[in-house]
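One structure is given below, encoded as structure tokens.
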Amino acid sequence: MASELGLIGLAVMGQNLVLNLAGRGFRVAVYNRTLETGRRFLKERTPGLPIVLGQTLEDFVRLLAKPRTVLLMVKAGAAVDEMIARLTPLLSAGDLILDCGNSYFSDTERRAKELAARNLQFMGVGVSGGEEGALLGPSIMPGGPAEAYARVRRIFEAIAARTEDGPCVTLVGPRGAGHYVKMVHNGLEYGDMQLIAESYQILEQAGGLPAPALAQAFAEFNRGELASYLIEITARIFQECDPDTGKPMLEVILDRAGQKGTGRWTSENALELGEPTPTITAAVEARNLSAKKELRVQAEEVIKTSRLKSPWAIPPENLVPAVGDALFAARLALYAQGMALLQAASKEYGYDLRLPDLARIWKGGCIIRSALLDVIRAAFTEQPDLPNLLLHPNVVSALAQRYASWVSVCQTAIAFAIPCPALLSALAYFEGLRRGRLPANLIQAQRDLFGAHTFERVDREGVFHHSWDKKGN
Ligand code: 6PG
């Protein structure tokens, strides 16, 4: 019997997605560039499941029911274009290709156009949840034509994670919208991880908490308003020991963060759209600085500026709950930035994104799943044209309650010389947003003085230039 769909690319995510699909009863044909990997996968992981292997790409295509549905799980970038170029001559009009990797959204826009010209359907699909999510139920963010989505909806709904609000999948928008939303998801993932990492450093270095106490603090956070996958795994990480040395795992892991670029893309795109996302950018830059390990070690030796004598801005015994409050407040500011970016992109690219739906499909399966998404969903459901999450009355009062802790934790971190770029940038975003008058009047004056760039006035409409005294008289 022909396979209902095919999947190309049997790295871990691809393999797990196939097992998820086949486990739900879908007949899947698979293909991998290296045949041996495909053979081993079939032999070791798929007995009893409706999975068949195409030895060549031609074989693979022959195994598929028409019109064909092909999922690509290959590395984002050139590999996607190469695979599409090999695949398209073998397909027929009306066949559907779904790129399920972390492709850049404008590549997806281009591919959608190129393939439409060849009468092929195309969707860019964000898939989040790591290896485990792919196997047990990811959050799925498809973008593309509604008629293409109608063909795969049943399949996606069957394999996606589920919450009390239904399967974690919806057609998020046209063309590159799915990959755009996944990119912002990853920007938020970077920001969330960095905020958690900074909280860990404050608790460990200012508070002197050893690994078991850190595990306990994060487990406690996870039972309250901070409940989320990232906080939960953080609590688990503190409990893990290295089998070789017996030391806590965190002691033996080098402090140099990797990245594949999706966080950077989010920041780059936000800069392009003129939408401030300082906390996402701070997180990307913190990874960049972490990568300069040798320089940091050298600088630690050279720069010996002494620390403040009495650095505490909060009673030490209140540090853990205060850090919890600060983390929650900063997380709200981070998500306000991400949601604002999605709003801006929705307008700019005509994506027509529905923010409450995005919050809903991020509630299960994905890396940033958290209780906070309920707050976000409720806010944008109640006020669809809310200009910024931080303006919703519930968020205003949640932040007011945590403001003192947030500032004190930041003060403590500064006084202990603990670098907290994400925590501080989130606070600066909040302070900047709620200030009707910023010092940009001076920037305008400077621009007008040195370059006659003109300025607007507070008391009159129009564009003005002042004859500045440039000689300093
Ligand atoms: C997900 C993740 C995933 C991402 C990794 C690593 O949603 O499942 O976002 O897609 O590739 O988290 O990303 P970095 O290597 O850039 O940290």
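Along the sequence shown, residues carry numbers from 1.
One finds the CD1 atom of Ile361 at 6.5 Å from the OG1 atom of Thr170 (value rounded to the nearest 0.5 Å). Atom NE2 in His185 sits 6.5 Å away from atom OG in Ser139 (nearest 0.5 Å). Atoms CG and OG, from Leu327 and Ser228 in turn, are 8.0 Å apart once rounded to the nearest 0.5 Å. For the atom pair CD1 (Ile376) and CG (Leu355), the distance works out to 9.5 Å, reported to the nearest 0.5 Å.
Side-chain contact check for Phe455 versus Asn441: every heavy-atom pair is 4.5 Å or farther apart. Here the side chains of Leu389 and Val375 are not in contact, with every heavy-atom distance at 4.5 Å or above.
Salt-bridge formation is detected for the pair Arg434/Glu431: a Lys NZ or Arg NE/NH1/NH2 atom is positioned less than 4.0 Å from an Asp or Glu carboxylate oxygen. Salt bridge present: Glu220 and Arg223 bring a charged side-chain N and a carboxylate O closer than 4.0 Å. Taking 4.0 Å as the cut-off between side-chain N and carboxylate O, Asp107 and Arg110 count as a salt-bridged pair.
For Glu131, the CD atom sits in a loose shell: 12 or fewer heavy atoms of surrounding residues, nucleotides or ligands are nearer than 6.0 Å. No more than 12 heavy atoms of other residues, nucleotides or ligands sit less than 6.0 Å from atom CZ of Arg153. More than 12 heavy atoms of other residues, nucleotides or ligands lie within 6.0 Å of CD in Gln205, so this atom counts as buried by the packing criterion. Annotation for Glu225: atom CD counts as buried by contact number, over 12 foreign heavy atoms lying within 6.0 Å. The environment of Lys347 atom NZ is sparse: at most 12 non-hydrogen atoms of other residues, nucleotides or ligands sit within 6.0 angstrom.
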### Query
Between Glu240 and Arg236, is a salt bridge (Lys or Arg N to Asp or Glu O under 4.0 Å) present by the stated rule, with each step listed?
CA-CA 7 Å; Glu240 201 79 13; Arg236 272 177 16 213; over 6 Å; no
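The closest donor-acceptor contact from the side chain of Glu275 to the backbone of Ala345 lies at 3.5 Å or more, if one exists at all. Ser103 places no side-chain N or O within donor-acceptor distance of the main-chain N or O of Ala76, the cut-off being under 3.5 Å. Between the side chain of Glu348 and the backbone N or O of Leu273 there is no donor-acceptor pair closer than 3.5 Å. Judged by distance alone, with hydrogens and angles left aside, the side-chain atoms of Asp95 form a donor-acceptor pair with the main-chain N or O of Arg68 at under 3.5 Å.
Annotation: cation-pi pair Arg457/Phe464 present, NZ/CZ under 6.0 Å from the ring centroid and within 45° of its normal. Geometrically, Arg287 engages Tyr190 in a cation-pi contact, judged by NZ or CZ lying under 6.0 Å from the ring centre and within 45° of the ring axis.
Using modelled atom types, one finds a donor on one side chain and an acceptor on the other under 3.5 Å when comparing Arg447 with Gln444.
Closest non-hydrogen pair, Phe122 versus Leu115, comes out as CD1-CD1, 3.4 Å. Taking both residues in full, the closest heavy atoms of Leu353 and Ser346 are given as N-OG, 2.9 Å, listed atom of the first, atom of the second, then distance.
Checked against Thr108 for a side-chain hydrogen bond (donor to acceptor under 3.5 Å, both in side chains), the options Arg175, Lys182, His179, Lys113 give a single hit: His179.
Residue pairs meeting the ring-ring contact (aromatic ring centres under 6.0 Å, His included) criterion with at least one member in residues 399-440, sequence neighbours excluded, are Trp312-Phe416, Tyr403-Phe430, Trp406-Phe430.
Here the two rings, on Tyr200 and Phe218, have centers that are 6.0 Å apart or farther.
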